[in-house]
Amino acid sequence: MGTIELVATRYRPEQDVQPWEQRYTVPCSEDMSLLDALNYIKDELDPSLSHRWSCRMAICGSCGVMVNGEPKLSCKTFLRDYREAGVVQVRALDNLPVERDLVADISGVVEHIEAVKPWLIRHSTAPVDTAHTQTPEQMARYHAFSQCINCALCYAACPQFGRNPAFLGPAALTLAQRYNLDSRDEGSSERMPWLNAEEGVWSCTFVGYCSEVCPKDVDPASAINRGKVASDINYGVNLFRLLRGKSDA
Amino acid sequence: MRRSHEPISWSLFGAGGMLLAFIGPGLIVSTLLLAWLVQDPQALHATLSSGLQHPLARLAALAVIALPLYHTAHRLYHGLHDLHITGPTWLLGGFFYGGATALSALCALWLFSL
């Protein structure tokens, strides 16, 4: 087993005026993930290093960090892939405030996700003994978008969110689309104002980096651009409403 | 939340992109390569010209020119934003979308005076 250099960007708000870098030498084996390395540092070298993690299997979405400038889940990133580079640079996710060391504050992202009401909204009440059945085709329409684990890697990748944090961003818009496409849902009229807004789908310029970094292959760029089609149709329908003297929807 | 009016420019952008993707290659073949390859280019030109006498053909030709112009303007406008080249919206929007409109109007004038 060899070793590899790991450079972590440290920031302790109570002590540090600005972020600084600390270099660690960690073991590097074939099966060692970056999360294993961070835990090694925490347990064996420096208990003061803060990083966030939980499941170790790309399900919880809490261990997102920038690895050599790319947003990645540390549990899904392996040291063996950085042997050639010789050094692994780790810092907190871009475009988000840093809470401490490698921990980004994703509360703004969570607020954006909550805003689009990412749950099934029903206006009609079905009989209790009947399930809301769905065909495989109906499920296929939204299934890929439902794989989002809210890890916020797409927000660290999105240049538009970096420039304007009011932009709802990839995950929130993908989840809005996920529920709007669900045959069991009746709440699209409550979500469309968010999609239609300047800070909704229309702030996206289809850079597409969100889809490249997504660890669950959700393809937010596709979801947002399908959201643009929905918003476009909504705009046209609303225009007809206005022309017929009805109120702005 | 304020409703964005981006759907107007995005619709023109989308229509232009679709047109280019579907019939762009065919147009290049018919207007450039065929004229170069055929035995009698003047006869081909005459055929295309007589086709353009019908108002619907002129409208179609206008759509094929104007929509890709809006497509280009939209992409350049947002491309500048991505490259962090900023300026007043009225100036940049006026230049790109206004430019596409002016060129489309010129093209319409020319097509309908043939």
Side-chain angles (χ1 to χ4, degrees), chain A residues 95 111-112 114-117 157-164 166-169 172-173 176 189-210 221-222 224-243 246-249, chain B residues 1-25 59-60 62-101 103-105:
Chain A
N95 300 338
E111 275 171 30
H112 283 349
E114 282 174 349
V116 300
K117 302 187 179 178
C158 176
Q160 310 307 342
F161 179 74
R163 291 171 75 178
N164 176 21
F167 172 41
L168 283 180
L173 292 167
S189 60
E190 293 176 42
R191 294 186 200 101
M192 283 316 289
W194 291 100
L195 261 70
N196 293 335
E198 202 66 63
E199 294 78 22
V201 290
W202 300 108
S203 281
C204 167
T205 59
F206 206 8
V207 171
Y209 192 34
C210 53
S222 158
I224 295 174
N225 278 274
R226 286 167 72 174
K228 282 182 185 176
V229 176
S231 179
D232 207 46
I233 294 168
N234 186 280
Y235 188 89
V237 171
N238 190 53
L239 213 56
F240 273 106
R241 281 177 58 87
L242 292 174
L243 289 173
K246 292 191 176 176
S247 62
D248 199 355
Chain B
M1 286 154 294
R2 211 161 54 90
R3 183 189 272 276
S4 169
H5 294 292
E6 184 86 0
I8 300 171
S9 55
W10 191 78
S11 299
L12 292 166
F13 161 78
M18 289 284 268
L19 258 185
L20 271 183
F22 282 127
I23 62 169
L59 267 181
L62 179 62
V64 163
I65 294 166
L67 291 174
L69 272 175
Y70 281 107
H71 178 87
T72 311
H74 184 82
R75 199 62 263 179
L76 287 173
Y77 178 74
H78 286 291
L80 283 186
H81 170 82
D82 287 343
L83 293 170
H84 291 245
I85 300 169
T86 53
T89 309
W90 64 267
L91 182 67
L92 292 177
F95 179 74
F96 287 108
Y97 298 113
T101 308
L103 286 172
S104 302

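Every chain is numbered from 1, with letters handed out A, B, ... down the list of sequences.
Here the shortest heavy-atom pairing between Met1(B) and Ala197(A) reads CB-CB, 3.9 Å.
Judged as a salt bridge (charged side-chain N to carboxylate O under 4.0 Å, His left out), and not counting sequence neighbours, the contacts of Lys117(A) are Glu190(A).
Both the backbone and the side chain of Pro193(A) come within less than 4.5 Å of a heavy atom in chain B. In this structure, no portion of Val201(A) lies under 4.5 Å from any heavy atom of chain B.
Of residues 5-21 of chain B, those residues lying under 4.5 Å from chain A by any heavy-atom pair are His5(B), Glu6(B), Pro7(B), Ile8(B), Trp10(B), Ser11(B). Chain A is approached within less than 4.5 Å, heavy atom to heavy atom, by no residue from residues 64-73 of chain B. Residues of residues 74-92 of chain B lying under 4.5 angstrom from chain A, judged on non-hydrogen atoms, are Arg75(B), His78(B), His81(B), Asp82(B), His84(B), Thr86(B) in numerical order.
Taking CG of Asn196(A) as the start and CZ of Arg2(B) as the end, the distance is 12.5 Å to the nearest 0.5 Å.
Around atom OH of Tyr97(B), more than 12 heavy atoms belonging to other residues, nucleotides or ligands sit under 6.0 Å away.
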